[in-house]
Q: 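To start, I am sharing the structure in question, which I have written as structure tokens.
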Amino acid sequence: MSKIYDIDLGSLLLSTFILLGFIATAFVFIRLTIIGINYVKVNYLKEEGEGKDTKENKSKTKGF
């Protein structure tokens, strides 16, 4: 069994930074996905809210 000091320090550092890069990339993709979902929700609710207000106003004015 190899001992801990037999492991090449450069290889260990390189592997660590590659792993951190993958984790950071996953975090960025998750963050962008959340931002995109929130953007779509805000725009959808904004359009839906405007449509409801105009329909209610038209129905109120037609009755009088």
Side-chain angles (χ1 to χ4, degrees):
M1 190 165 124
S2 65
K3 296 183 181 179
I4 190 95
Y5 59 85
D6 289 339
I7 298 174
D8 187 25
L9 182 61
S11 176
L12 180 68
L13 287 174
L14 181 63
S15 298
T16 303
F17 285 119
I18 289 173
L19 180 65
L20 289 174
F22 279 123
I23 292 171
T25 303
F27 179 73
V28 167
F29 280 123
I30 291 170
R31 183 74 175 151
L32 288 175
T33 303
I34 292 171
I35 290 171
I37 290 170
N38 287 336
Y39 180 77
V40 169
K41 281 183 180 179
V42 166
N43 286 338
Y44 178 73
L45 292 176
K46 183 179 176 184
E47 290 175 2
E48 184 177 301
E50 289 176 357
K52 286 184 178 179
D53 290 341
T54 55
K55 289 180 183 177
E56 289 177 4
N57 289 338
K58 287 181 182 179
S59 64
K60 287 180 182 177
T61 55
K62 285 182 182 178
F64 291 106

Q: For the residue pair Thr33 and Phe29, what are the closest heavy atoms and their distance?
A: OG1-O, 2.7 Å

Q: Cluster partners of Val40, using ILVMFWY side-chain heavy atoms under 4.5 angstrom, listed by chain and number?
A: none

Q: Can you name the residues that form a side-chain contact (heavy atoms from CB on, under 4.5 Å) with Ile34, not counting sequence neighbours?
A: Ile30, Asn38

Q: Other than Leu32, what residues sit in its cluster of Ile, Leu, Val, Met, Phe, Trp and Tyr side chains whose heavy atoms are under 4.5 Å apart, directly or through others?
A: Val28

Q: Check side-chain contact (heavy atoms from CB on, under 4.5 Å) between Thr16 and all other residues, then give those that pass, not counting sequence neighbours.
A: Leu12, Leu20

Q: For Leu19, check side-chain contact (heavy atoms from CB on, under 4.5 Å) against everything at least two apart and list the hits.
A: Ile23

